[in-house]
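To start, the structure itself, in structure tokens.
Just so we're on the same page: letters track the sequence lines, and every chain starts at 1.
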Amino acid sequence: MSPLEISTGEAVLFWVLAPLMVAGALSLLFAKRPVHIAVSMAGVMIGLAIMYIMLEAPFLGVAQIVVYTGAVMMLFLFVIMLAGVDSSESLVETIKGQRWIAVVGMLGLLVLVIAVVTRATLPPAVGLAEANADTNPVGVARLIFGDYIFAFELTAALLITAAVGALVLSHRRRLSPKIGQKELAEAKLAAYGKGGSAEGVTPPAGPGVYARHNSADMPALDAAGIPIDSSVVTVLRVRGQEAEAADLDSDRVARIATGEPMVPEIAPATETTKENEE
Amino acid sequence: MSLVNYLVLSGILFSIGSIAVLTRRNAIVAFMGVELMLNAANLTLVTFGRLHGDLHGQVIAFFVMVVAAAEVVIGLAIIVSIFRTRGSASIDDANLLKS
């Protein structure tokens, strides 16, 4: 068996990919929003897939893209949208100093792994040219359906169990009768009839200050000039991206709040015409 | 360049994944750390497979991938059901056995 020679192209590709992958993985530690982390992790998975192909494992590279980038990371994105998109992380340490102990432990692990790998005496690299003689998927299939056939059959049992388990875990039994649109409207009207709030009966205020700022992050002002928080979309409020009316138009807001008329000089003539109309 | 570079990269990725599991409080992010550790192990398997001129490493990496996919499905279902009952995806809030 002739020893493996690694081409310059592979080395260049490695040195381009590796920093990108490490940077993407570091987002796990430093990025704040789970969505950013999930997308950069998908990037790391693509980098790994390219590395598998570089390492003469094209079947595994394609499987990596299909399974990890396509299925797993997108499942993560689904769950983030379902559960954690607005979850801010608490910075309180439940175990004192846990973060620093973890950092020290990680550095120790890193040094240990790198030292072992670099100082170990490895045999000369062989390469897979011989094993991949009938193309890589054929070689892998010979092993999977030969030596590993029992493990492969067990995999089928594992996958069906996982699918059923996910269905059972995410199934929610209905404890109360289903409340549809009709029932909800009737309940709201009944509550309003008994002197409850008009919320849900009258349409809610939309965002924006009429004729001034109608962007979605600007809360509407009520008759007293007080911003109505519920007029801004929940996501913007949770993220703290809601604008303050006072930021953009402070003197106008102050004037509304004091009850000063917005059009100070009203000609008497227009007032009389208004009276006439009435 | 030798194949050792791949092993070093895999060690770096594994360490980053492990510290993410240890320090991040969001259950979903911690879970992504587990995924990164699994992938780093896969990279090692494939690299050693090439080093020894043997396809067994790739086959084992393939099985790791299958098991990881099943594990992700179950883990995320657990996170979703905890989020439904407790209203939070933080791993510090899941103290039902303590209280």
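With a threshold of 4.5 angstrom between heavy atoms, A:Ala38 approaches chain B through its backbone and through its side chain. Looking at A:Ser27, the atoms closer than 4.5 Å to chain B (heavy atoms on both sides) all sit in the backbone: N, CA, C or O. In this structure, chain B has heavy atoms under 4.5 Å from both the backbone and the side chain of A:Leu26. The contact between A:Ala102 and chain B is made by backbone and side chain atoms together, counting heavy-atom distances below 4.5 Å. Looking at A:Met45, only its side chain comes within 4.5 Å of chain B, counting heavy atoms on both sides. Of the atoms belonging to B:Ser2, it is backbone heavy atoms, and not side-chain ones, that fall under 4.5 Å from chain A. Residue contact with chain B, scored on non-hydrogen atoms closer than 4.5 Å, involves the backbone and the side chain of A:Val103 alike. Both the backbone and the side chain of B:Tyr6 have a heavy atom closer than 4.5 Å to some heavy atom of chain A. Looking at A:Val67, only its side chain comes within 4.5 Å of chain B, counting heavy atoms on both sides. Looking at B:Thr47, the atoms closer than 4.5 Å to chain A (heavy atoms on both sides) sit in the backbone and in the side chain alike. With a threshold of 4.5 angstrom between heavy atoms, A:Phe76 approaches chain B through its backbone and through its side chain.
You'll find the side chain of A:Met21 reaches within 4.5 Å of the side chain of A:Leu48, heavy atoms only. The closest side-chain heavy-atom distance from B:Leu3 to A:Leu55 is below 4.5 Å. Between A:Leu109 and B:Ser18 the shortest side-chain heavy-atom distance falls below 4.5 Å.
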Can you list the steps and then say if A:Leu128 with B:Gln58 is a side chain to side chain contact (heavy atoms under 4.5 Å, CB included)?
-> CA-CA 11 Å; A:Leu128 289 170; B:Gln58 290 183 24; 3.1 Å; yes
Checking side chain to side chain contact (heavy atoms under 4.5 Å, CB included) for the pair A:Val44/B:Met32: CA distance, chi angles, key distance, verdict?
-> CA-CA 11 Å; A:Val44 175; B:Met32 279 194 254; over 6 Å; no
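Side-chain polar atoms of B:Asn42 and A:Gln64 form no donor-acceptor pair below 3.5 angstrom.
With chain A as the partner, the residue from B:Val72, B:Leu9, B:Val73 showing the most heavy-atom pairs under 4.5 Å is B:Leu9. The candidate from B:Leu13, B:Val21, B:Val80, B:Leu36 with the greatest count of non-hydrogen atom pairs under 4.5 Å with chain A is B:Leu36. Each of B:Leu76, B:Val67, B:Ile78, B:Val4 has some count of heavy-atom pairs under 4.5 Å with chain A, and the biggest count is that of B:Leu76. Highest contact tally toward chain A, considering only B:Gly57, B:Ala20, B:Ala40, B:Gly11, is held by B:Ala20 [criterion: heavy-atom pairs under 4.5 Å]. The most heavy-atom pairs under 4.5 Å with chain A, out of B:Leu22, B:Asn39, B:Leu7, come from B:Asn39. In terms of heavy-atom pairs under 4.5 Å with chain B, the best-connected choice from A:Asn136, A:Thr161, A:Asp147 is A:Asn136. Most heavy-atom pairs under 4.5 Å with chain B, from the set A:Glu56, A:Met73, A:Arg142: that is A:Glu56. Listed options A:Val140, A:Asn132, A:Ile114, A:Ile37 were ranked by heavy-atom pairs under 4.5 angstrom with chain B; first place goes to A:Ile37. Ranked by heavy-atom pairs under 4.5 Å with chain B, the list A:Leu158, A:Val22, A:Leu28 is led by A:Leu28. Contact tally against chain A (heavy-atom pairs below 4.5 Å) for B:Asp54, B:Ile79, B:Val46: the top residue is B:Val46.
When all heavy atoms of B:Met65 and A:Leu60 are compared, the pair lying nearest together is CE-O, 3.9 Å. Nearest heavy-atom pair across A:Gly61 and A:Ala49 is O-CB, 3.4 Å. The minimum heavy-atom distance linking B:Leu38 with A:Tyr68 is given by the pair CB-OH, 4.4 Å.
Classification of the A:Phe152-B:Phe62 ring pair by plane angle, with boundaries at 30° and 60°, yields parallel.
For A:Ile160, the CD1 atom sits in a loose shell: 12 or fewer heavy atoms of surrounding residues, nucleotides or ligands are nearer than 6.0 Å.
No donor-acceptor pair under 3.5 Å is formed between the side chain of A:Glu153 and the backbone N or O of A:Phe150. The closest donor-acceptor contact from the side chain of B:Arg84 to the backbone of A:Ser170 lies under 3.5 Å.
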